[in-house]
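All remarks here apply to the structure that follows.
Owing to the predicted nature of the structure, the values given are computational and were not obtained by experimental measurement. Every chain is numbered from 1 and lettered A, B, ... according to where its sequence line falls, protein lines coming before strand lines.
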Number of protein chains: 2
Amino acid sequence: MAKLDFSPIADTTRRAEIVALLRRAILTGQLEPGQKLNELRISEQMRVSRAPLREAMRELVQEGILTSIAYAGTFVIDVTAKDIIDAYSLNKVLDEFAIELAWPQRDARFFDELDRRHEAVKQATRAKNTTRQIETALQLHGLIYEWADNSVLLETWQRLTSRLQMYFALHQRARNEPVPAEDVHETYVALLKDSDMRAAQCHAREHIDLDFEELLAYARGLEKRASKN
Amino acid sequence: MAKLDFSPIADTTRRAEIVALLRRAILTGQLEPGQKLNELRISEQMRVSRAPLREAMRELVQEGILTSIAYAGTFVIDVTAKDIIDAYSLNKVLDEFAIELAWPQRDARFFDELDRRHEAVKQATRAKNTTRQIETALQLHGLIYEWADNSVLLETWQRLTSRLQMYFALHQRARNEPVPAEDVHETYVALLKDSDMRAAQCHAREHIDLDFEELLAYARGLEKRASKN
DNA sequence: TCTTGTTAGATTGTCGACAATCTGCTTGTC
DNA sequence: GACAAGCAGATTGTCGACAATCTAACAAGA
């Protein structure tokens, strides 16, 4: 028997496609925080009935990027400065743990994939495609989680990533400036290739690139605007 | 204005009740791992239509205790030794982080609640109600997460707890022995009341009570049985 | 005997319609 | 004018029926 491993077939249900569409719309900021999702309107736009749409929305509620109130509606989650801080502080802890687990698992395939994803970020940066830049940067970071060989940890990180992607997208949208041209992931990639695990963990803990400081400033801005209302 | 804080009203939709029912059935082991959930049968038993049932199942899939394959069905997740180990190792990391965050927040209300929940565990133990014992023990542990004031962390822990509760329930069912009579949480509670945070974290990291060792032995048993098939 | 095509039954996915609930406006009363 | 009651209109929650898909049993052919 030939040793050829096929990837699983796409589960082509309307529901799955709706989930993907909605998630993308939320994570890129096309659907803004707090915005209400009108079931009838969306189902008509997508040319599907409300049943699969509602099931899709239920999934995204559990995924943490939608929130639902009975008989009132389903809304994109609100983003507060505290949410961003909370997500980031947890992310740091998880990163440290993931590095610890992934460290002995690093192999040739790991380094290849590391370079590949790093390259993807650089390409998106050159193309000034901010959405793609955020996406690829998070995929780069996700590598240590994929190599950590802990399914619960990976799942947890993927949930967290949804939010982080949303936060960054909002941040980018808000300041609508050209994206930083230089590459901020060099150190991270280099440390993961090196032999000093502690150093890699410290880098993750203290200076997760993806300029967190700016994101926080944006978050604080949100707070102020909210307190005025 | 009187300073009286009301608890939120129950969101009485069939969906929410179905979620609660199913979750309970899964977490107590009434629905066994790998078992398929027949929509028509369940909807008839519960006297509801398939729509809210399906939405409920979609939520539980995202919650991680059900898994779904398109056009094939929805199943209770399988439990492997690795799953248990993964969940536990992550739990340790999160516990340490939660203690760190909750530590400065401890106040009179915290200690009261700590004693209250500890008492609930002891009561369930005396009553030899194993299901309730597991439930209360996890609630006791959840206190530090509730006091950590980090919504993402709390959410993450609640997801993890679902699984842990299921694992313990299965474990208890498998060995169907009377439950340990003596109280294993004394040290944990005492350390949380003390002033040495590091000690509390070490206790959490090294010896989370809820006899992990036994659970692991059970998990390994599962592995062996699985490999025979 | 093994493989491949066919078919019937069961189960999941989707649809359109109806019921329950909320919201905002109007109306009437003081 | 202020306030409560009641009435549309819109929106969410639920239902029963139909369509798409899978599974397993069976038949046909090599």
Side-chain angles (χ1 to χ4, degrees), chain A residues 1-2 6-23 25-26 31-63 65-78 229, chain B residues 1 6-23 25-26 31-78 229:
Chain A
M1 176 97 77
F6 291 100
S7 56
I9 282 229
D11 51 345
T12 47
T13 73
R14 296 190 197 285
R15 185 183 66 240
E17 299 207 22
I18 297 172
V19 166
L21 273 176
L22 282 182
R23 186 190 287 123
I26 296 166
L31 283 168
E32 288 172 20
Q35 188 172 342
K36 177 172 176 179
L37 278 68
N38 184 312
E39 296 179 1
L40 198 58
R41 204 168 54 74
I42 295 180
S43 69
E44 278 169 358
Q45 286 179 1
M46 291 190 180
R47 305 285 179 83
V48 292
S49 79
R50 284 174 54 225
L53 172 63
R54 281 174 60 86
E55 291 185 17
M57 286 164 85
R58 233 37 74 196
E59 288 192 25
L60 295 175
V61 167
Q62 273 324 88
E63 213 175 294
I65 60 182
L66 288 181
T67 172
S68 151
I69 303 172
Y71 291 108
T74 310
F75 309 82
V76 178
I77 55 164
D78 272 316
N229 303 355
Chain B
M1 176 97 79
F6 291 100
S7 56
I9 283 233
D11 53 346
T12 47
T13 73
R14 297 190 197 285
R15 185 183 67 240
E17 300 206 19
I18 296 171
V19 166
L21 273 177
L22 282 181
R23 186 190 287 124
I26 297 166
L31 284 168
E32 287 171 21
Q35 188 172 341
K36 178 172 175 180
L37 278 69
N38 185 311
E39 296 178 1
L40 198 58
R41 204 169 55 73
I42 295 180
S43 69
E44 279 169 357
Q45 285 179 2
M46 291 189 180
R47 307 285 179 82
V48 292
S49 79
R50 284 174 54 223
L53 172 62
R54 282 174 59 86
E55 290 185 17
M57 286 164 89
R58 235 36 74 196
E59 287 192 25
L60 294 175
V61 166
Q62 270 329 84
E63 212 174 295
I65 60 182
L66 287 182
T67 171
S68 151
I69 303 172
Y71 291 107
T74 310
F75 310 81
V76 178
I77 55 165
D78 272 316
N229 303 355

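Across all strands, A:Arg58 comes closer than 4.0 Å only to sugar-phosphate atoms, never to a base (heavy-atom distances). Across all strands, B:Ile18 comes closer than 4.0 Å to no nucleic acid atom at all (heavy-atom distances).
Distance, A:Arg41 CZ to D:dA10 C1': 14 Å, rounded to whole Å. The CD-P distance, from A:Glu39 to D:dT12, rounds to 5 Å in whole Å.
Annotation: A:Gln35, atom CD; neighbour count of heavy atoms from other residues, nucleotides and ligands within 6.0 Å is above 12.
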| Where do A:Ser43 and A:Arg54 land on the side chain to side chain contact (heavy atoms under 4.5 Å, CB included) test, with the steps shown first? | CA-CA 9 Å; A:Ser43 69; A:Arg54 281 174 60 86; over 6 Å; no
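Among pairs with a residue in residues 41-51 of chain A, those fulfilling salt bridge (charged side-chain N to carboxylate O under 4.0 Å, His left out) read A:Glu39-A:Arg50, at least two apart in sequence or across chains.
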Atom pairs under 3.5 Å, N or O on each side, protein against nucleotides 15-22 of chain C: can you list them with distances?
{"residue": "C:dC15", "atom": "OP1", "partner": "A:Arg14", "partner atom": "NE", "Å": "3.3"}
{"residue": "C:dC15", "atom": "OP2", "partner": "A:Ser49", "partner atom": "N", "Å": "2.6"}
{"residue": "C:dC15", "atom": "OP2", "partner": "A:Ser49", "partner atom": "OG", "Å": "2.9"}

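The shortest distance between the side-chain N/O atoms of A:Arg54 and the OP1/OP2 oxygens of D:dT12 is not below 4.0 Å.
Each of B:Ile65, B:Ile26, B:Leu22, B:Thr67 was checked for a side chain to side chain contact (heavy atoms under 4.5 Å, CB included) with B:Val76, and the lone residue meeting it is B:Ile26. Of the residues listed (A:Ile18, A:Thr13, A:Val19), the one engaging A:Pro52 in a side chain to side chain contact (heavy atoms under 4.5 Å, CB included) is A:Ile18, and it is the only one.
Between the CE atom in B:Met46 and the CZ atom in B:Arg14 there is a gap of 12.5 Å [rounded to 0.5 Å].
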